[in-house]
Structures are given as structure tokens and as C-alpha cells.
Protein chains: 2
Amino acid sequence: MNTSDYLAAADAACCASGTRLTALRRRVLELVLGYPGVVKAYQVLADLQAERGVVAPPTVYRALDYLAQQGMLHRVDALNGYIVCHHFECTHRALILACERCGKVTELSGDDAFAALSASASAAGFVPREQTLVLTGCCKECA
Amino acid sequence: MNTSDYLAAADAACCASGTRLTALRRRVLELVLGYPGVVKAYQVLADLQAERGVVAPPTVYRALDYLAQQGMLHRVDALNGYIVCHHFECTHRALILACERCGKVTELSGDDAFAALSASASAAGFVPREQTLVLTGCCKECA
DNA sequence: CGAAGCAATGTTATAGTATAACAATCTCGC
DNA sequence: GCGAGATTGTTATACTATAACATTGCTTCG
């Protein structure tokens, strides 16, 4: 899916959830899409500042939080960053593979793995919230 | 295992790895042991400052990093904190269950779950580094 | 012993990440 | 138009983490 199709789909998804993909949010999403892997909030902030002059951190964090909530982005705690989710239409668990050498990030469906974890957790009476799983390691190219 | 047994075992493990559980590291470990769940670096820093006057962040981070390396602590990225590992003798994968309401943290063996994830990752040619998995959610008591 | 070498800690400064709190503006339905 | 709620702006600050260099202390080997 190319960027403009993606944005159109994102727009539709936002409307469907009764929210709006505003100009700001859309621009933030575009910026994130422009990066190959994981994107930091302050990178986006710098980009916005370059375009618009003064922009404060909350502006960016709010947009990123919104996009993550809508499923277009995943927040990756282990990396203090965000990645684009390329199949936000379906609710799903993401399994993120982050290469420690080249920084490349791959997303798999984590549904199966999540099921395995949930089984362990359930045994302890624990109900996991839907979330992103992250594995750091070494990718195919860097091996 | 009580605290003093734990510390003795930790000491032995450190020696076995050719390193030393120095007074500072030992004290940091004790402080972490004194907390019920996840512990933040700056909590430990505050404790140390209360005891010794001026203490700077690197002092604490170095001790925590060391203890994590030795297996006595797990760093939990999603929570920006550390938890005590109660079976550091055996190399193992930890599966952390962190309750979002009460803050309680439980550690399970994550070997099985890790195997499931590794299988998915391997299909993509990805080699995961040994690491801690974290699930956030809601624990038995808070359900 | 004494000095070399290395590990550990101290110290200073700063980078990087994130949110609280309140004000201003915009959008949409009525 | 107007009011309610959502969105964005603005200011300030809290929290998390590390770089870089100085100092101390242990140990080992001649």
C-alpha cells in the first residue's frame, strides 16, 4: 500500500471510529510514514518545528498517542519510539522484531505467540491487556 | 528465600562470574529487595542520597546495570524500572506480568512462551537475543 | 614492597523522554 | 449564531538516562 492509499484508509478508519484525522494528525502520520523504521517523538517534533516554527512536545505526543490508539502506530516501549502498523484495519497483536545492529524493525502478526503467553498468564489469574510484543535481536541481513 | 540468603547467593554468583558484589552494588540490591514490585532508578537514587548525601545518577544506573547483567534484576522497559529476579541461578527467560492498577509485578518462567515467539521470529530469519517479556494487564486481585 | 594496570566509583554536565495544567481555538449539531 | 465538546497551543517542569573525565582502590607481578 502506498502512502496516499494508506492515508486515505487511515482517514476512513478514523471517521469510522467517530474521530477525526485532523490536519495535524495526518501530517504527523505522514512524517512517520516517511521514516524506514522506528521513529522517535522528538524526531517528529523537529520535523514539525522545521515546517511550522514553534511546536511544543505535547502537540506531538498527543498526535502520536491518538494514532497509536487508532491502530495506525504501535508504540515500542523498548525503543522509546513508534512504528507504523501496516494492517490497522484488523485488530491484532503485533510482534515487533527490532534489529539491534541495523535498527530495522519488522512487524509480524503476534496472535499465535500472544495466545501462548496468555495461556501462561491465565494460569496466574492474570488478564493481559492487548499489546505489542517486542523482541530485540539480530535480523537476517545482519546475521 | 529470605533477604540475607538471597544476598549470600547473589554474592556467590557474582564471584562465580569473576566479578565482585561490592558494598555499593550490594546496598542497591538490598534497596531493590525492599520494594514490593517494580523499582525506579530514581527511587533507589533518592534512598542512597538519604543515606549518603550526594549521589549522582550514574552511580545508581551502573549498579542497576551490573545487577541486571548478573541476572539478579530484570529491567522492565515498559515500566522504566527494575524488578528482582528470584531465580537468577538458572539462565532463563522471564515473563513479567505487570498489573496496571495495583502495580504488582509477578514473574513467571517464560521459556515456553519464548519458544513460541522464537518460532515466529525464526521464520523471518530473525535471531532474538535473550530477554525479558512483559505483559501489562490486570492481576487476579484487581479483576 | 611498589608500581602498573584495571575495575569501580565519583563528579559534572547535559541529552533525551514525557506530562501536567491551563488557555485559546475550532467544529459540529442545534 | 451559539453552546458543548474536541482539539490544539503554550508554559513549565518532571522524569529518565548517559557522556566524559577524574579519582580511588584492588590485585598482581616483578
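Nothing here was measured: the structure is a model prediction, and the numbers come from that model. Protein chains get the first letters and strands the later ones, always in sequence-line order, with residue 1 at the start of each.
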When you compare the protein's N or O atoms with those of nucleotides 4-8 of chain D, which come within less than 3.5 Å of each other, and at what distance?
residue: D:dT7; atom: OP1; partner: A:R25; partner atom: NH1; Å: 3.2
residue: D:dT7; atom: O5'; partner: A:R25; partner atom: NH2; Å: 3.4
residue: D:dT8; atom: OP1; partner: A:T22; partner atom: OG1; Å: 2.3
residue: D:dT8; atom: OP2; partner: A:R25; partner atom: NE; Å: 3.3

Pairwise N/O distances under 3.5 Å, protein to nucleotides 15-19 of chain D:
residue: D:dT16; atom: OP1; partner: B:K40; partner atom: NZ; Å: 2.4
residue: D:dA17; atom: OP1; partner: B:R75; partner atom: NH1; Å: 3.4
residue: D:dA17; atom: OP1; partner: B:R75; partner atom: NH2; Å: 2.4
residue: D:dA17; atom: OP2; partner: B:Y61; partner atom: OH; Å: 3.1
residue: D:dA17; atom: N7; partner: B:Y42; partner atom: OH; Å: 2.8

Checklist entry - Got a sec, which pairs hit side-chain hydrogen bond (donor to acceptor under 3.5 Å, both in side chains) with one end in residues 31-45 of chain A, sequence neighbours left out? => result A:Y35-A:D47
Next on the checklist: Donor-acceptor check, side chain of A:R25 to backbone of A:R20, threshold 3.5 angstrom: yes or no?
Outcome noted: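 Yes: the side chain of A:R25 pairs with the backbone of A:R20.
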Checklist entry - Given a cutoff of under 4.5 Å between side-chain heavy atoms of I, L, V, M, F, W and Y, with clusters grown through shared members, what are the other residues clustered with A:V38? => result A:V76, A:L79, A:I83, A:I96, A:V105, A:V134
Next on the checklist: I need the full list of salt bridge (Lys or Arg N to Asp or Glu O under 4.0 Å) pairs touching residues 132-143 of chain A, with sequence neighbours left out, sorted by first then second residue.
Outcome noted: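 Residue pairs passing salt bridge (Lys or Arg N to Asp or Glu O under 4.0 Å), neighbours aside: A:K104-A:E141.
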Checklist entry - Can you check the A:E51 CD to D:dG9 P distance for me, whole Å? => result 13 Å
Item to check | Value in whole Å for how far the P atom of C:dA8 lies from CZ of B:R26 | outcome: 17 Å
With sequence neighbours excluded, residues passing side chain to side chain donor-acceptor pair (under 3.5 Å) with [X]:
X     : answer
A:N2  : A:S4
A:T19 : A:S17, A:Y66
B:E30 : B:R27

Checklist entry - A:V32: what forms a side-chain contact (heavy atoms from CB on, under 4.5 Å) with it, not counting sequence neighbours? => result A:V28, A:V39, A:V44, A:L64, A:L73, A:V84
